[in-house]
Amino acid sequence: MSRLPIFAAALCLLAACEQTPANVAQPDLPLDDPRQAALVVSECAIYFAAVQKLESEGRSANGNPTSDCPEEARGRAADINPRVSVPPVSEGYPTTLYNRMIARGVPTDLADDISKSQAFWNLVAQRDSALATF
């Protein structure tokens, strides 16, 4: 039996591997960085607004979205109403943020709306800006 088909398959596999983009880890700010604290407050403001919206609709979260959130976030305004023209949730931080909302107990339908909100995209921009100066 010839080894040529095996060799050809191995070459094709190696060629395909080289074309696959590498996974790039997302950088994070140190926990004691004031910019990280500001990001946490902004994210938690979204969670407090989500809980308030759910309560106004007679619904409840699937968990406790505001768990471990700083109290100062409760008083921060967050416009979580969906916008008409927004970018789709893309890979990277927007997807991470969306998944974190679900994991914290925000119902999927509300998380979908929040991912189209001014508060969501402001937080994404705030994080991008903070990382640009990191």
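If you read the sequence from its start, that first residue is 1, and numbering goes on from there.
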Going by the rule side-chain contact (heavy atoms from CB on, under 4.5 Å), which residues pair with [X] if we only count those two or more places apart in sequence or in a different chain?
| X | answer |
| --- | --- |
| Val41 | Pro70, Glu72, Ala73, Arg76 |
| Thr108 | Tyr98, Ile102, Asp112 |
| Ala119 | Ile46, Ala78, Ile80, Ser117 |

[atom1] of [X] to [atom2] of [Y]: how many Å apart, nearest 0.5 Å?
| X | Y | atom1 | atom2 | value |
| --- | --- | --- | --- | --- |
| Met101 | Ser115 | CE | OG | 5.5 Å |
| Glu71 | Arg74 | CD | CZ | 4.5 Å |
| Phe120 | Asp113 | CZ | CG | 12.0 Å |
| Glu43 | Phe48 | CD | CZ | 12.0 Å |

Please enumerate all residues that pass side chain to side chain donor-acceptor pair (under 3.5 Å) together with [X], with sequence neighbours excluded.
| X | value |
| --- | --- |
| Asn81 | Asp79 |
| Gln126 | Ser42 |
| Asp128 | none |
| Asn62 | none |

So does Gly92 get a backbone contact from the side chain of Thr96, meaning a donor-acceptor N/O pair under 3.5 Å?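 Flag set: sc Thr96 to bb Gly92 pair under 3.5 Å.
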
Side chains of Asn64 and Thr66: do they bring a donor and an acceptor to under 3.5 Å?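 There is such a pair (donor and acceptor under 3.5 Å, judged by atom type) between the side chains of Asn64 and Thr66.
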
Hey, is CG on Asp109 packed in by over 12 heavy atoms from elsewhere, all under 6.0 Å?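 Count over threshold, so yes.
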
Could you pull out the closest heavy-atom pair between Val51 and Pro65, with the gap in Å?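 Where Val51 meets Pro65 most closely, the heavy atoms are CG2-CG, 3.9 Å.
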
Return the minimal non-hydrogen interatomic distance between Ala50 and Ile114, and the atom names on each side.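 Heavy atoms only, the tightest pair is CB-CD1, 3.9 Å.
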
Taking the side chain as C-beta and beyond, is there a heavy-atom pair between Tyr47 and Ser67 under 4.5 Å?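 No - every pair of side-chain heavy atoms lies 4.5 Å or more apart.
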
Quick one: does Leu123's side chain get under 4.5 Å of Tyr93's, heavy atoms only?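 They are in contact (side-chain heavy atoms under 4.5 Å apart), so the answer is yes.
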
Give the cluster check for Val40 versus Leu97: same hydrophobic cluster or not, with ILVMFWY residues linked at side-chain heavy-atom distances below 4.5 Å.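 As far as the 4.5 Å side-chain criterion goes, Leu97 and Val40 are not connected within one cluster.
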
Taking only residues two or more places apart in sequence or in another chain, which ones pass salt bridge (Lys or Arg N to Asp or Glu O under 4.0 Å) with Glu57?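 Scan of Glu57 (salt bridge (Lys or Arg N to Asp or Glu O under 4.0 Å), adjacent residues dropped) gives Lys53, Arg59.
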
Within residues 36-67 or reaching into it, pairs that qualify as disulfide (SG to SG under 2.5 Å) - sequence neighbours excluded: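 Pairs touching residues 36-67 that pass the test: Cys44-Cys69.
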
